[in-house]
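To start, the structure under review is shown below, and the notes come after it.
Just so it is clear, the model here is predicted, and its values are computed rather than measured.
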Amino acid sequence: MNSSSGQSSGYDLSFKILLIGDSAVGKSSLLVSFISNSAEDIAPTIGVDFKIKMLTVGGKRLKLTIWDTAGQERFRTLTSSYYRGAQGIILVYDVTRRDTFTNLSEVWSKEVELYSTNQNCVKMLVGNKVDRDSERVVSKEEGLALAEELGCLFFECSAKTRENVERCFEELALKIMEVPSLLEEGSTAVKRNILKQQQEQPQASEFGGCCS
Amino acid sequence: MEEEQQTFVSKARTAFHSAAAKAERVLLDFKSDREDHDKQSSPNTFTGQQPEAESPHTDENDSKLHSESKHIKWRPPHLGIKQDWQDKIKNIRRGRKEVEDTDKVGDASMAIPFYDDNLYLLNVKNDLEAKASEAMPSVEGLTAATKDPIPPSSVLKQLAIAVEAGSKAKSMKDVIASPGGSSPARERAGLSLSAVKALVLREKEDKLTSEFTSNEKVVQLINSLFDPEGDFLRRKIDSNLEETAMTSLPRDIHGAPPESLVVKLAEILGNYKTLRKMALFWCRVVAELRKLWFEEQYLPGVPQDEIPDLKSCLLYQQFQVINCCISRKRFRIIATESLDSMMMQANSDIKESTDCSAEASASPVLYARLNSGELVLRLGADHPAGDMTLLETGEPVYSPITQEGPLLTEDLIRETEEFVLRTGSVGAGCSQLLSDMQAFKAANPGCILEDFVRWHSPPDWTDNEASTEDSDVFDSGEPLSARGQLSRRMQKEGNLWRELWETSKPVPAVKQAPLFDEDLAVEGILNAFEEMHPSDLFGQLFVSLLGLGFGIAEPMLSGNSDFSKLFYDCKEYIITACQNNKLNEKVDGLVQVYETVEKMLLNPEEALKMIKQTEESTTVTGEPRSPFKRLSLIFGGKDKLLRKSVSKDQTNDEEKSGRQSFSSFFDSKSSLFGKKPPKSGSPSPSEKSSIDTGWPVV
């Protein structure tokens, strides 16, 4: 069964990851850096965007659907819909702007509490832009302390230099796989997708083999 | 339910047979009278009739039909000819009226068959109404039940039965239609009597349905359920309980808040005895929801302006959307009127200004002055945005009234997400951004993109004084560059923000095309209610009522040293069971757990005995007390207890009957807790083994 599903879909597990945090902390840059090694300036996100990444960790092939959200307050109602069902949530702040760190506990952790429907989801605190060390205003120790308080994993990274970027996502995926209910959800999502594909194939044949 | 249906059909058949027999007697009487009259009348008067009367009739049905035909023909001349017939007809009419008034049988011999027929049907109707009256829940009955600390387990059990029965039905309409419907074979026979029977039966069904919805008790229940001021179905909930505990359980099990509309609806529906009546009441509720929406009245027991709570059940989320849409419609009306009156004021101000050459009064109407000195009306301005001023004109920046985003329940969120994944669309974000830009332009004449960014996305603007970056921009003396600059990402070529900005027109939010159409959204919800599958509806109501019972019981039992452990085991069980899917497979187990909690509250002595027996079993076997194994032992012990009670000679009839009823319920369902324990009374290694294998802990 497992082998069959692997052949059919090309991956074993499927997880939903959500990126949140103040505007301009580098959420989109972090995502693009992880997906394609790019480090250029990214236009401000309008509403939500997503990227899909295939990843192999712990001997498993994973499909990560990573949702990127606009951090502006005006978009908050729109983005709140995308917390539903996320197995992993990354809360991003900018180490050169203290207000983005303060807002993690004053705003963003409350948003997670309010909108996340997955009680067991894995949360990760990420301090971005560590390449600007001369402008740093939030120390690593402060980040660690807040992560412990909020029950999150913690990493500091730089989307520009790609320092720790892959490690963030890999570590998050590993932690998700350690939670039985999340592992079950990831597996269920794959099976549902396979079933959907199988249902679509007969229709294609009905149309006389038009598969384009 | 089948037995009840059969009884109804059987009675209907008996009634029709009786009516047919009486009709034949009446026809015979008429025939006899006609023969008498023939003797008295002259042959010329009835010459045309005699050949028909004399012709032979071998077929019985033809004979009947022909007789009926003759009867119709004969009646008019008899009316005109004989006083005797007139008297008889008068007696018949008077007899019927007497039956209606006094329920007595008249004296006239000719009228007797009609009296019997009407009386019989009336009795049948009375019987049906009496039964319906006994079974139908009422406001008084339900109010009395609220004196119990938690809703009775019989109510929850009825919802459990509905969940299971509903899962086998195709739709709510099937449930409503299932008891009725005449046999196609009967209709196809074409016999006039059969056809009449079928028609009358169908009419009776329609009558029963309309009788249900107009039944006084149903109307009262609907009125009480939707009374915003009433305290119908309100129970004492311990106010000392921590807020977290009371609000967390309903959300953990995906139910609804205590005393919300959903929970009250669950309690009412659980008191109906048949699935069909539950379905009919739900349709009545949906009709009331449509009426409230049409009248723009809030639903009671639901917050008036909160976005859907995704941790509550879908039904509750949908109720939240309805109330939120009512709030938004009311707000839009106020905002539109305010804008319109402002514009009229501005027009009259202009007139005054022209006539009197005086400056326009600025107090109720807001203007912005352009660089050219021209005054332009601000539309849809809400409040000043701090101390910000427009970069080019120096006028204060006003935050505009903006449109709110979509209200999405969990099912629509899933659909939206799948749509975005499939198409890559960023339309929703762009629509909202464009809407904000247009509202901002209307409220801030003379603004530029940089002004909007400073308001909407402050991190994308850097003031020069505060800037710590090494900037390549030289101070060329331009006012714009002197004040600050956009972020690098915002200045990029092809940035969609600038394109949208140049597309946008100054239009206040209340005049824009709506981002979220309230009428469309609520119509979708009400249609979904009408199409809702029975198992979906009753499943949500079941979980909501379960949450209410546990929520009320918790403060009463958590401090009790005898029961707190067992209570928290039960609570843990229901949370785990409800968070998984496949509720249909778990409702029986959940009902039993609920009954355990009910027993702890209402019969603590008996519950204590049960616990002690369980503890003794556990002690003997030396097993560690895992929560689910404890529950397994508890229900095993309960079964033994029931059997012992039944076997006692001293048990009275009522108690015995009740226990047998429960026992049969227990036996008829496959138990979630595995095999029944062996019949031997004392625990043994084999019993332990049986319990272990019967209860897999996931």
- Item | Side-chain (B:Lys311) to main-chain (A:Tyr115) donor-acceptor, under 3.5 angstrom |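 Answer holds: no.
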- Query: Which pair of non-hydrogen atoms, one from A:Leu78 and one from B:Gln432, has the smallest distance, and what is that distance?
  - Reply: CB-OE1, 3.9 Å
- Determine the minimum heavy-atom distance between B:Asn495 and A:Ala43, stating which atoms define it.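 Between these two residues, the closest heavy atoms are OD1-CB, 4.0 Å.
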- Could you please state which residues from residues 81-89 of chain A sit under 4.5 angstrom from chain B, measuring non-hydrogen atom to non-hydrogen atom, sorted by number, or 'none'? A:Ser81, A:Tyr82, A:Arg84
- Query: When only heavy atoms count and the cut-off is under 4.5 Å, which of residues 15-26 of chain A reach chain B?
  - Reply: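 Listed by number, the contacting residues are A:Lys16, A:Ser23, A:Ala24.
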Could you check whether atom [atom1] of [X] has more than 12 heavy atoms from other residues, nucleotides or ligands sitting under 6.0 Å from it?
{"X": "A:Lys175", "atom1": "NZ", "answer": "no"}
{"X": "A:Glu113", "atom1": "CD", "answer": "no"}
{"X": "B:Tyr568", "atom1": "OH", "answer": "yes"}
{"X": "A:Glu148", "atom1": "CD", "answer": "no"}
{"X": "A:Glu73", "atom1": "CD", "answer": "no"}

Heavy-atom distance under 4.5 Å between the side chains of [X] and [Y], does that happen here?
{"X": "A:Ile42", "Y": "B:Arg489", "answer": "no"}
{"X": "B:Leu433", "Y": "A:Gln72", "answer": "no"}
{"X": "B:Val426", "Y": "A:Val48", "answer": "no"}

Part of [X] within contact of chain B (heavy atom distance under 4.5 Å):
{"X": "A:Ser181", "value": "neither"}
{"X": "A:Arg76", "value": "neither"}
{"X": "A:Phe50", "value": "side chain"}
{"X": "A:Thr100", "value": "neither"}

- To the nearest 0.5 Å, how far apart are OG1 in A:Thr117 and CD1 in B:Ile413? 8.5 Å
- Query: So how far is it from A:Ile46 CD1 to B:Leu500 CG, rounded to the nearest 0.5 Å?
  - Reply: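 So the CD1 of A:Ile46 and the CG of B:Leu500 are separated by 5.5 Å.
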- Applying a strict 4.5 Å limit to non-hydrogen atoms, the region of B:Glu404 in contact with chain A is neither
- Item | Which atoms of B:Leu310 approach chain A - backbone, side chain, both or neither, heavy atom under 4.5 Å | both
- Query: Of the listed residues (B:Thr402, B:Leu496, B:Ile307, B:Leu408), which shares the most heavy-atom pairs with chain A below a 4.5 Å separation?
  - Reply: B:Thr402
- Message: Out of B:Pro458, B:Gly405, B:Pro459, B:Pro308, return the one with the most heavy atom pairs under 4.5 angstrom to chain A.
- Response: B:Pro459
